[in-house]
Structures are given as C-alpha cells and as structure tokens.
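The structure under discussion appears below in the form of structure tokens.
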Amino acid sequence: MLLFVQFACNSEKVDETKLLRDEVIAIHDEVMPLMGELKSLKKEIKIKTDSLIAEDSVVNAEKIHELRNIENQLEDAFEGMFVWMRQYKAPDESVDEKEAKAYLTEQKVLVEKVNKDIKEALKAAKQELGKG
C-alpha cells in the first residue's frame, strides 16, 4: 500500500511538471505562427517610412520617428522569440522535480513576455497601417 501511495505522489509530481512544460509550449505555440506577419508588417511600415522620407524628411520627421519605433518594436519582438527558443531546454526526467519546476516557471515568465511583445508589436503596426 505504501508503494502505491508513493507511486501516486511521484506520478502527480511528474504531471505537475508536464503541465507546466505544456503551458510554456502552448504560450509559445500561440504566437509562433505570427512570426511571418511580424516580418510582413515591418516591410509595410518601412515602405511607409521610406515614402515619408522621400516626400519631405524634415516636415515628416516626427512621423518617421514613430514609424521607426514601430519597425524596431516588430524586429525586437521577432528576435525575442528566437532568443527565447535558442535558450529554452525542456528539462528531462533526470532533473530534480523542484529544479524542473523552478526552471519552467522562469521560462513561462520569459515566454509570456515574448508573447506579449509580439501581440503589442502587431497591434501597433496594424493600427498604423489601418488594419486593426
């Protein structure tokens, strides 16, 4: 009977770690398909910026600055995803459960920021381009 209880507890612990790992991946998976859209919108914003520069860079200086900020926001969001992906390593079963949960909790915070940055960059670009 004691063996069964211990096994049940271990199973529960593994499930908690697996659930946390699944949450991290789900947050990533929610915005990963939007990476192409980030790049496309950045190109559109750049075209708009270049057009304003060609028209009159002095008169349009403030708007050009705003557009460049949006371009940078889009690029930073794009890069943020790949930086996160390069450093993320899902803990295997050999890792202590407490360590695995701490690592995955930290990764969840990081990937939530990536998710938020991507959504905010897309929103800003779409608003600027009249698509949102």
Side-chain angles (χ1 to χ4, degrees):
M1 184 66 159
L2 182 60
L3 182 62
F4 175 73
V5 171
Q6 184 177 6
F7 177 75
C9 289
N10 286 342
S11 174
E12 185 179 308
K13 289 176 186 175
V14 170
D15 287 347
E16 283 181 42
T17 303
K18 183 186 178 324
L19 286 173
L20 193 51
R21 183 181 310 125
D22 290 349
E23 281 181 55
V24 169
I25 297 306
I27 294 165
H28 161 273
D29 289 352
E30 180 184 342
V31 290
M32 187 63 193
L34 304 175
M35 299 304 285
E37 188 176 5
L38 281 173
K39 282 297 189 188
S40 295
L41 289 173
K42 183 180 176 208
K43 285 179 187 172
E44 289 182 53
I45 294 287
K46 180 158 178 30
I47 289 167
K48 188 171 180 176
T49 304
D50 292 347
S51 172
L52 289 175
I53 291 169
E55 185 182 296
D56 189 335
S57 63
V58 176
V59 170
N60 297 320
E62 190 175 319
K63 188 64 177 178
I64 291 166
H65 180 73
E66 287 175 32
L67 292 171
R68 286 198 171 136
N69 283 341
I70 294 171
E71 280 182 61
N72 290 336
Q73 188 180 3
L74 290 163
E75 184 62 29
D76 290 348
F78 185 87
E79 286 300 314
M81 172 62 89
F82 289 100
V83 166
W84 179 81
M85 286 172 42
R86 279 191 296 271
Q87 63 80 47
Y88 176 75
K89 302 281 186 258
D92 59 30
E93 281 90 41
S94 69
V95 176
D96 175 66
E97 180 224 346
K98 192 174 182 179
E99 272 182 60
K101 282 167 77 173
Y103 174 78
L104 289 167
T105 299
E106 176 188 359
Q107 290 303 307
K108 183 177 175 187
V109 169
L110 294 173
V111 79
E112 282 173 338
K113 182 181 181 333
V114 168
N115 183 299
K116 179 178 172 250
D117 290 349
I118 289 171
K119 288 177 180 175
E120 286 178 356
L122 288 172
K123 181 180 177 188
K126 286 177 180 180
Q127 283 179 328
E128 179 58 45
L129 296 167
K131 296 182 175 193

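Below, each value reflects all heavy atoms present in this structure, side chains not excepted, and no hydrogens, waters or symmetry copies.
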Not counting sequence neighbours, which residues clear side-chain hydrogen bond (donor to acceptor under 3.5 Å, both in side chains) with Asp29? List them please.
-> none
Only counting residues at least two apart or in another chain, list the ones meeting side-chain hydrogen bond (donor to acceptor under 3.5 Å, both in side chains) with Glu79.
-> none
Between atom CG of Asn115 and atom CD of Glu30, what is the distance when rounded to the nearest 0.5 Å?
-> 4.5 Å
Got a sec, which residues hit salt bridge (charged side-chain N to carboxylate O under 4.0 Å, His left out) with Glu120, two or more places apart in sequence or on another chain?
-> Lys116
Sorted by chain and residue number, the salt bridge (charged side-chain N to carboxylate O under 4.0 Å, His left out) partners of Lys63 (sequence neighbours excluded) come out as Glu66, Glu128
Identified side chain to side chain contact (heavy atoms under 4.5 Å, CB included) partner of Leu67 from the options Asn72, Thr49, Asp50 = Thr49
Residues at least two apart in sequence or cross-chain that pass side-chain hydrogen bond (donor to acceptor under 3.5 Å, both in side chains) with Glu62, listed by chain then number, are none
Ion pair check, Glu93 and Lys18, cut-off under 4.0 Å = no
Test applied, salt bridge (Lys or Arg N to Asp or Glu O under 4.0 Å); reference residue, Glu16; option that passes from Lys101, Arg21, Lys98 = Lys101
Are the side chain of Asn60 and the backbone N or O of Ile53 linked by a donor-acceptor pair below 3.5 Å?
-> no
Which pairs count as ring pair (Phe, Tyr, Trp, His ring centres under 6.0 Å) when at least one residue sits in residues 107-132, sequence neighbours excluded?
-> none
Run the salt-bridge test on Glu44 and Lys48 with the 4.0 Å N-O cut-off and return the result as yes or no.
-> no
Partner set under salt bridge (charged side-chain N to carboxylate O under 4.0 Å, His left out) for Asp76, not counting sequence neighbours = none
Please name the pair of heavy atoms, one in Ala124 and one in Gln73, separated by the smallest distance, quoted to 0.1 Å.
-> CB-OE1, 3.7 Å
Is it the case that more than 12 heavy atoms not belonging to Lys113 sit under 6.0 Å from its NZ atom?
-> no
Sequence-distant partners of Lys123, salt bridge (charged side-chain N to carboxylate O under 4.0 Å, His left out), two or more places apart = none
Qualifying ring pair (Phe, Tyr, Trp, His ring centres under 6.0 Å) pairs with a residue from residues 105-132, counting only residues at least two apart or across chains = none
Taking the six-membered ring of Phe78, is the NZ or CZ of Lys42 close enough (under 6.0 Å from the centre) and on axis enough (within 45°)?
-> no
side-chain hydrogen bond (donor to acceptor under 3.5 Å, both in side chains) filter on Glu112, not counting sequence neighbours, yields none
Could you give all pairs that pass the ring pair (Phe, Tyr, Trp, His ring centres under 6.0 Å) test and reach residues 21-76, with sequence neighbours left out?
-> His28-Trp84
Side chains of Glu97 and Thr17, donor plus acceptor under 3.5 Å | no
Name all residues meeting the ring-ring contact (aromatic ring centres under 6.0 Å, His included) criterion together with Tyr103; count only those two or more places apart in sequence or in a different chain, and write none if there are none.
-> none
